[in-house]
Chemist: 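Below you will find the structure I want to go over with you.
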Amino acid sequence: MKRQAYQPILITDASRSQDDQLNSRQKRYVLMMGIRVACLVVGAILVGVKAPLLWLWLPLLGLGMVLIPWLAVLLANDRPPKEEHRLANKLHPRHRDDTPPMALAAEEPPHKVIDAEP
């Protein structure tokens, strides 16, 4: 039986740690809530200066103030997609070998290395 080729384990295939995922979700949440506060401040300024097209700006800013918190909570509670559900893997599937690296077949005994002097 043939000996299987060496299969290196790639660290790029490892998923992100839970702490990294939580940290990125928290940053995204704070950024989105900052945009919501900016919508509120811009709306107050526009009302204060009686800006032209106020009838257009206020509903858009109000929509942002209502939708952004909803999206922020959904995205903050979401986890990254599983490997089999990622679009990149569906377009370019990788062949995974389930055998461990440098695995020997069951019938094949380990080889001894003998140093031969010339």
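Positions are given from 1, in the same order as the sequence printed here.
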Chemist: Minimum heavy-atom separation for Leu75 and Arg28, please, with both atom names.
Modeler: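 Taking Leu75 first and Arg28 second, the nearest heavy atoms are O-NH1, 3.2 Å.
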Chemist: Can you check whether Val73's main-chain N or O pairs, donor with acceptor, with Asn77's side chain at less than 3.5 Å?
Modeler: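 Flag set: sc Asn77 to bb Val73 pair under 3.5 Å.
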Chemist: In the hydrophobic clustering that connects Ile, Leu, Val, Met, Phe, Trp and Tyr at side-chain heavy-atom distances below 4.5 Å, which members other than Leu56 occupy its cluster, ordered by chain and number?
Modeler: Val42, Leu46, Val47, Leu53, Leu54, Trp55, Trp57, Leu58, Leu60, Leu61
Chemist: How long is the gap from CG on Leu40 to CD1 on Ile35, to the nearest 0.5 Å?
Modeler: 14.0 Å
Chemist: Closest heavy-atom contact between Pro69 and Gly64?
Modeler: CD-O, 4.1 Å
Chemist: Which other residues end up in the same hydrophobic cluster as Val37, if Ile, Leu, Val, Met, Phe, Trp and Tyr are linked when side-chain heavy atoms come under 4.5 Å apart?
Modeler: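 The other cluster members (ILVMFWY side chains, heavy atoms under 4.5 Å, direct or chained) are Val41, Ile45.
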Chemist: Whether the side chain of Arg36 engages the backbone of Met65 through a donor-acceptor N/O pair (distance < 3.5 Å, no angle test) should be reported.
Modeler: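 Yes, because the side chain of Arg36 sits within donor-acceptor range (under 3.5 Å) of the backbone of Met65.
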Chemist: Take Lys27 and Asn23 through the side chain to side chain contact (heavy atoms under 4.5 Å, CB included) test and state the conclusion after the steps.
Modeler: CA-CA 6 Å; Lys27 287 178 184 177; Asn23 194 15; 3.6 Å; yes
Chemist: How close do Asp78 and Arg25 get, heavy atom to heavy atom, and via which atoms?
Modeler: O-CD, 2.9 Å
Chemist: Kindly indicate whether the side chain of Gln26, heavy atoms from C-beta on, has any atom under 4.5 Å from the side chain of Val30.
Modeler: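 No, too far: nothing below the 4.5 Å cut-off.
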Chemist: Of the non-hydrogen atoms in Ala72 and Met33, which two are nearest, and what is the gap between them?
Modeler: CB-SD, 4.1 Å
Chemist: Working to the nearest 0.5 Å, report the span between CG of Leu22 and CD of Gln18.
Modeler: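 The CG atom of Leu22 sits 8.5 Å away from the CD atom of Gln18.
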